[in-house]
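First comes the structure, then the notes that go with it.
Because the structure is predicted, anything quoted here is derived from the model rather than measured. Whatever order the structure lists them in is the order used to number ligands and atoms, beginning at 1.
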Amino acid sequence: MARTLEQADMDAIVSLCKRRGFIFPSSEIYGGLGSTWDYGPLGVELKRNVKDAWWQAVVHRRDDMAGLDAAILMHPQTWVASGHAETFADPLVECKECHQRFRPDHLGSDPTRCPSCGGSLTEPRQFNLMLKSFLGPVEDSAHQVYLRPETAQGIFVNFQNVIIATRRKLPFGIAQIGKAFRNEITPGNFTFRTREFEQMEIEFFVKPGTDEEWHQRWLKDRLQWYTNLGIRPDNLRIRQHAPDELAHYAKGCYDIDYRFPWGWAELEGIANRTDFDLRQHQEHSGQDLAYFDDTSQERYIPYVIEPSGGVDRATLAFLIDSYDEEQAPAADGKTEVRVVLHLHPRLAPVQVAVLPLSRNPRLVPKAREVYDLVRRHLVCQYDDAQSIGRRYRRQDEIGTPLAVTVDFQTIEQDNAVTIRDRDTMQQVRVPMDGLVDALIQRLQLSS
Ligand code: GAP
């Protein structure tokens with residue numbers, strides 16, 4: 001199975017992502033825009049599969065969750081109430097000559113000089129990380145809005161709407177996937193830290209006093225989600241935040257960290273946000289956001305457990321964890337390096353490749369028939385360019401778990417095809433009439 005990767009392997013992954021159409025630098029024809037990325041034809045499938053797997057696990061397979069898709073633009077008071085207008089900031093120094101800004105802890109040997117032009121620096125000042133824009137034609141402070149820095153607030157401001165519409169009882173949660181924006185000062189490491197990214201967030205509302213127990217339950221569930229989808233447990237760890245690291249709203253927080261090639265770093269945070277957000281919104285909006293518990297006949301503001309993950313970070317971790325370069329037998333009897341993504345079949349952008357042994361006109365119609373049959377059930381790709389060995393390698397490189405090969409025996413003798421397994425490279429012969437069932441069974445999509 002895949003080895004643990006080093007920083008040097010990242011170049012190979014970034015290059016594979018570009019070459020095979022997973023991830024491209026954004027607006028590349030203009031020289032790109034720093035740390036922004038576009039998901040190509042395979043990347044968009046992989047990312048959708050990550051989101052679908054999350055949605056299925058946290059919404060469809062649970063009785064205590066509902067979904068939401070709130071707007072990116074929100075009333076500016078939201079960010080005053082949430083504390084982001086005041087506290088979502090990094091201390092930065094500014095160069096008096098070139099006006100670039102730097103974090104004081106990133107200045108290197110001479111902390112008084114600009115690392116870019118050598119100019120003198122201002123004293124540190126707080127710079128808010130929220131991206132600003134204006135609604136309507138007038139660009140003044142009355143029309144200023146923010147691109148949301150987290151999706152969470154869309155959930156808090158809809159808490160009462162969802163409770164009333166769904167008649168839910170606590171404990172219950174709301175899940176949302178969507179874009180968030182932060183004017184990060186030090187973006188980098190490919191898609192790990194960017195200024196535009198997608199979050200998958202849950203706000204799980206519980207009775208105060210039961211919050212610690214739910215915090216532990218969510219931590220366990222979320223860790224399990226990553227391992228169920230193939231991340232090796234050795235590459236995951238849980239790290240509890242020290243009191244001085246906690247966000248302004250949190251009573252406690254655990255990170256699920258992944259062992260990226262540059263070191264351990266956060267994949268997802270699971271915080272106990274207490275009743276901070278609902279209480280703040282109640283105060284600032286004047287609306288009653290308390291919950292009436294008709295079993296205990298009590299009114300209270302619920303506490304909130306928040307598992308908050310990044311779609312882009314999870315997608316990157318799945319790519320890195322599944323990447324491997326293996327020695328494999330070559331056509332000339334020697335060995336060659338086989339690049340393979342051991343992606344979980346639920347995540348693989350293509351589930352089945354249909355490959356005629358060659359472009360021989362007797363094989364192609366049968367292979368197209370197989371392709372038409374399989375694509376009705378599974379995400380499928382047809383490929384007849386170049387040798388069969390090269391086509392297997394191409395599919396290995398994009399993580400396609402199974403390949404179906406149509407050969408002369410298929411059309412002349414047995415109406416059966418060969419299924420080749422990406423990970424073991426073993427091949428089995430299967431009759432056409434049982435092919436779809438055999439593929440579905442091998443893909444184990446229900447896990
Ligand atoms: N609502 C809580 C919250 O936003 P966070 O730890 O700041 O907490 C949650 O962000 C997750 O969002 C992170 O664990 C990470 O996966 C993702 N994330 C945060 N900032 C990001 C960035 N600049 N680029 C990519 N993903 C980011």
Per-atom filter on ligand 1: closer than 4.0 angstrom to a heavy atom of G269 are 14 (O)
The answer for which part of L267 has a heavy atom under 4.0 Å from ligand 1 is backbone
Requested in this report: Decide whether the shortest distance between a heavy atom of H241 and an atom of ligand 1 is less than 4.0 Å.
Outcome: no
Quick check: do T191 and I23 have side-chain heavy atoms less than 4.5 Å from each other?
yes
Counting from 1 in the order shown, the ligand 1 atoms closer than 4.0 Å to a non-hydrogen atom of E184 are 20 (N), 22 (C), 23 (N)
Is there at least one pair of N or O atoms, one from R193 and one from ligand 1, spaced under 3.5 Å apart?
no
Under 4.0 Å from one or more heavy atoms of E268, ligand 1 contributes atoms 14 (O)
Among Y249, F197, F181, closest by heavy atom to atom 26 (N) of ligand 1 is F197
inquiry  = Any side-chain to backbone donor/acceptor pair from R222 onto G309? Under 3.5 Å, distance only.
reply    = no
Taking only non-hydrogen atoms of E150 and a 4.0 Å limit, the atoms of ligand 1 in range are 1 (N), 2 (C), 3 (C), 4 (O)
If you scan protein heavy atoms around atom 2 (C) of ligand 1, the nearest is E306 OE1, 3.1 Å
Between W218 and F204, is the ring centroid distance below 6.0 Å? yes
*asked:* Regarding Y249 and D277, do their side chains bring together a donor and an acceptor under 3.5 Å, going by distance alone?
replied: no
Check whether D421 reaches the backbone of D423 with its side chain - one donor and one acceptor, N or O, closer than 3.5 Å. yes
Quiz item: With a 4.5 Å heavy-atom cut-off, do E86 and H248 have their side chains touching?
Solution: no
| message | Is F88 close enough to touch ligand 1? Criterion: a residue heavy atom under 4.0 Å from a ligand atom. | response | no
protein heavy-atom neighbour closest to atom 17 (C) of ligand 1 works out as G310 CA, 3.7 Å
Numbered in order shown, the ligand 1 atoms found under 4.0 Å of a heavy atom of R273 are 1 (N), 2 (C)
inquiry  = Would you say the ring centers of W37 and F190 fall short of 6.0 Å from each other?
reply    = yes
Review point. Ignoring hydrogens and geometry, is there a side-chain-to-backbone donor-acceptor pair from T78 to M74 under 3.5 Å?
Key: no
among protein heavy atoms, the one nearest atom 14 (O) of ligand 1 is E266 OE2, 2.6 Å
of all protein heavy atoms, closest to atom 12 (O) of ligand 1 is Q199 NE2, 3.2 Å
Checking heavy atoms under 4.0 Å, the part of E196 that sits near ligand 1 is neither
Exercise. May I ask you to check if ligand 1 and R182 share an N or O to N or O distance below 3.5 Å?
Key: yes
Next on the checklist: Would you say the rings of F88 and W79 are close, in the sense that their centroids are separated by under 6.0 Å?
Outcome noted: no
Worksheet item: Could a heavy atom of T194 be found less than 4.0 Å from some atom of ligand 1?
Response: yes
Between F205 and Y291, does the ring centroid distance fall short of 6.0 Å?
no
Closest to atom 15 (C) of ligand 1 among protein heavy atoms sits R313 NH1, 3.4 Å
Atom 11 (C) of ligand 1 sits nearest the protein heavy atom S308 O, 3.6 Å
query: When you measure from the side chain of Q351 to the backbone N and O of V379, does any donor-acceptor pair fall under 3.5 Å?
result: yes
Of R195, E201, E198, the one whose closest heavy atom lies nearest atom 1 (N) of ligand 1 is E201
In ligand 1, the atoms that come under 4.0 Å of a heavy atom of G309 are 11 (C), 16 (O)
Ranked by distance from atom 25 (C) of ligand 1, the top protein heavy atom is F192 O, 3.1 Å
Check your understanding: Using a distance-only test with no angle check, is there a side-chain donor-acceptor pair under 3.5 angstrom linking H99 and E94?
Key -> yes
Original post:
Is a donor on one side and an acceptor on the other found under 3.5 Å between the side chain of R237 and the backbone of D255?
Top reply: no
